[in-house]
Amino acid sequence: MDRRSIRKLDHIRNALVSGEDGANSFDDVSFVPNSLPNTALAETSLDTEIASLRLSSPIMINAMTGGAGGTTQINQKLAMIARERNLAMAVGSQMAALRDPEVTDSYRIVRREHPQGILFANVGAEATVEQATAAVEMIEANGLQIHLNVMQELLMPEGDRDFRGYLERIHAIRESLDVPVIVKEVGFGMAKESIEKLMEIGIRTIDVGGRGGTNFAQVENMRSEHPHAMFEDWGFTTVESLLEANAVGHPGMSYIATGGVRHGLDVVKAASLGASAVGMAGAMLRLVQRESLEECLATVDRWHQQIRVAMTALGMKRLADTVCTPVMITGKTAERARLRHRQLERLAQR
């Protein structure tokens with residue numbers, strides 16, 4: 001087994017134990033109760049839209065794996081869940097397959113299992129236009145994710161150390177592809193300044209990928225002979241990143257919230273802060289590794305039911321309507337957000 005495959009399998013093993021402490025920034029978000037919601041659970045709709053694509057659920061199986069022995073089975077089971085519950089799905093970084101065609105089947109299995117589904121290809125910001133095009137073609141993708149993982153690369157023993165030219169390459173890919181392009185952080189969050197730079201080159205869908213789920217600094221430290229544990233709390237949480245996105249205030253933008261989404265209530269909290277969809281990766285990985293397909297499907301059904309319960313209690317029929325409901329931000333999240341001059345009182349009074 002080559003070093004790249006070993007790394008992929010190390011990531012899976014380490015990701016299974018990362019982000020399982022149960023607490024994250026969504027615990028600092030709460031709703032003002034509505035005792036007269038004037039709606040019914042049966043009236044709620046889970047439909048949403050990202051990157052000009054209509055989704056029947058706000059839950060998206062986000063990028064995880066591929067490119068090594070054993071990952072084909074994981075992606076197959078994930079794709080089966082996506083097919084049975086009509087979820088959008090992204091594959092893990094395809095850079096491995098672009099360098100070694102022998103591992104392409106670990107990605108192509110997803111389209112075979114989910115032939116009519118919405119799938120997203122995935123490359124790093126170091127990719128060329130040709131590589132991005134090949135990644136999309138590999139799985140007949142409906143869109144492309146370009147992931148940003150600077151801190152992970154810096155902590156990865158064999159990782160990149162040169163991050164020049166990212167914006168120029170992202171812009172070139174967006175200009176050349178005929179499918180939507182999503183720029184995605186992998187767990188370190190995104191600040192207003194970064195979002196604005198991406199907007200300037202025409203990116204209109206961003207996955208803020210905040211801290212709170214799988215901690216890729218921790219994942220890499222677990223692989224390293226010389227770990228740098230002080231970087232394991234680097235970046236913004238998912239909620240902080242959504243507040244940064246709120247500060248941009250551009251009506252043409254759409255956001256995906258990934259990082260620490262645990263259940264349906266977290267989905268609605270993310271939506272109330274402007275997310276059109278949520279990405280679930282670590283939670284999904286633990287499911288498929290530990291539960292049967294039937295148990296996985298039952299868990300997704302529970303998440304959907306929890307979303308509908310929260311929406312009904314708030315008096316909202318559509319998920320997008322939750323951006324009008326008052327939401328309170330407290331704790332460490334509020335403390336940090338105020339240092340960034342985020343208007344939390346306005347959210348609580350809307």
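The shown structure was predicted, so the numbers you read here are calculated from the model rather than taken from an experiment.
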Participant: Under a single-linkage rule joining Ile, Leu, Val, Met, Phe, Trp and Tyr whose side-chain heavy atoms are separated by less than 4.5 Å, which residues share a cluster with Met328?
Facilitator: Val32
Participant: Test of understanding: with salt bridge (Lys or Arg N to Asp or Glu O under 4.0 Å), list the residues that count as partners of Arg54, not counting sequence neighbours.
Facilitator: Glu49
Participant: What pairs with Asn75 under side-chain hydrogen bond (donor to acceptor under 3.5 Å, both in side chains), at least two apart in sequence or on another chain?
Facilitator: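 By the side-chain hydrogen bond (donor to acceptor under 3.5 Å, both in side chains) rule, Asn75 matches no residue at all.
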Participant: Got a sec, which residues hit side chain to side chain contact (heavy atoms under 4.5 Å, CB included) with Ala257, two or more places apart in sequence or on another chain?
Facilitator: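 Applying side chain to side chain contact (heavy atoms under 4.5 Å, CB included) to Ala257 gives Thr238, Leu242, Ala270, Ala275, Val278.
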Participant: Looking at Tyr107 and Ser93, would you say the former's side chain and the latter's main chain have a donor-acceptor pair under 3.5 Å?
Facilitator: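 A pair under 3.5 Å: yes.
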Participant: Could you report the tightest heavy-atom contact between Leu144 and Ala132, atom names first, then the distance?
Facilitator: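 In this case the closest contact between Leu144 and Ala132 is CD2-CB, 3.8 Å.
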Participant: Going by salt bridge (Lys or Arg N to Asp or Glu O under 4.0 Å), name the residues that satisfy it together with Lys77, two or more places apart in sequence or in a different chain.
Facilitator: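 Residues passing salt bridge (Lys or Arg N to Asp or Glu O under 4.0 Å) with Lys77: none at all.
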Participant: Looking at residues at least two apart in the chain, or sitting in another chain, which of them share a side chain to side chain contact (heavy atoms under 4.5 Å, CB included) with His250?
Facilitator: Met199, Arg204, Val248, Met253
Participant: Among residues two or more places apart or on two chains, list those pairs meeting salt bridge (charged side-chain N to carboxylate O under 4.0 Å, His left out) that have a residue in residues 298-320.
Facilitator: Glu43-Lys317, Arg85-Asp301, Arg318-Asp321
Participant: What residues, two or more places apart in sequence or in another chain, satisfy ring-ring contact (aromatic ring centres under 6.0 Å, His included) together with Phe231?
Facilitator: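 Phe231 satisfies ring-ring contact (aromatic ring centres under 6.0 Å, His included) with Trp234 once adjacent residues are dropped.
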Participant: Which pairs, with at least one residue in residues 59-75 and sequence neighbours excluded, count as a salt bridge (charged side-chain N to carboxylate O under 4.0 Å, His left out)?
Facilitator: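 Applying salt bridge (charged side-chain N to carboxylate O under 4.0 Å, His left out) to every pair that reaches into residues 59-75, excluding sequence neighbours, yields nothing.
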Participant: Classify the side-chain pair Asp207/Gln145 by whether it contains a donor and acceptor separated by less than 3.5 Å.
Facilitator: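 Judged by distance alone, the side chains do not pair up.
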Participant: Taking NZ, NE, NH1 and NH2 as the nitrogens, is one of them in Glu240 or Arg342 under 4.0 Å from a carboxylate oxygen of the other?
Facilitator: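 No, no charged N to carboxylate O under 4.0 Å.
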Participant: Enumerate the salt bridge (charged side-chain N to carboxylate O under 4.0 Å, His left out) contacts for residues 134-157, please, sequence neighbours excluded, ordered by first and then second residue.
Facilitator: none
Participant: Nearest 0.5 Å, what's the CE-NZ distance between Met190 and Lys197?
Facilitator: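 The CE atom of Met190 sits 11.5 Å away from the NZ atom of Lys197.
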Participant: How would you list, by chain and number, every residue that makes a side-chain hydrogen bond (donor to acceptor under 3.5 Å, both in side chains) with Arg164, sequence neighbours excluded?
Facilitator: Asp162
Participant: Just how far is it from atom CG of Leu41 to atom CD1 of Ile307, taken to the nearest 0.5 Å?
Facilitator: 11.5 Å
Participant: With sequence neighbours left out, what residues match Glu345 under side-chain hydrogen bond (donor to acceptor under 3.5 Å, both in side chains)?
Facilitator: Arg338
Participant: In this structure, are over 12 heavy atoms from other groups packed under 6.0 Å from Arg346 atom CZ?
Facilitator: no
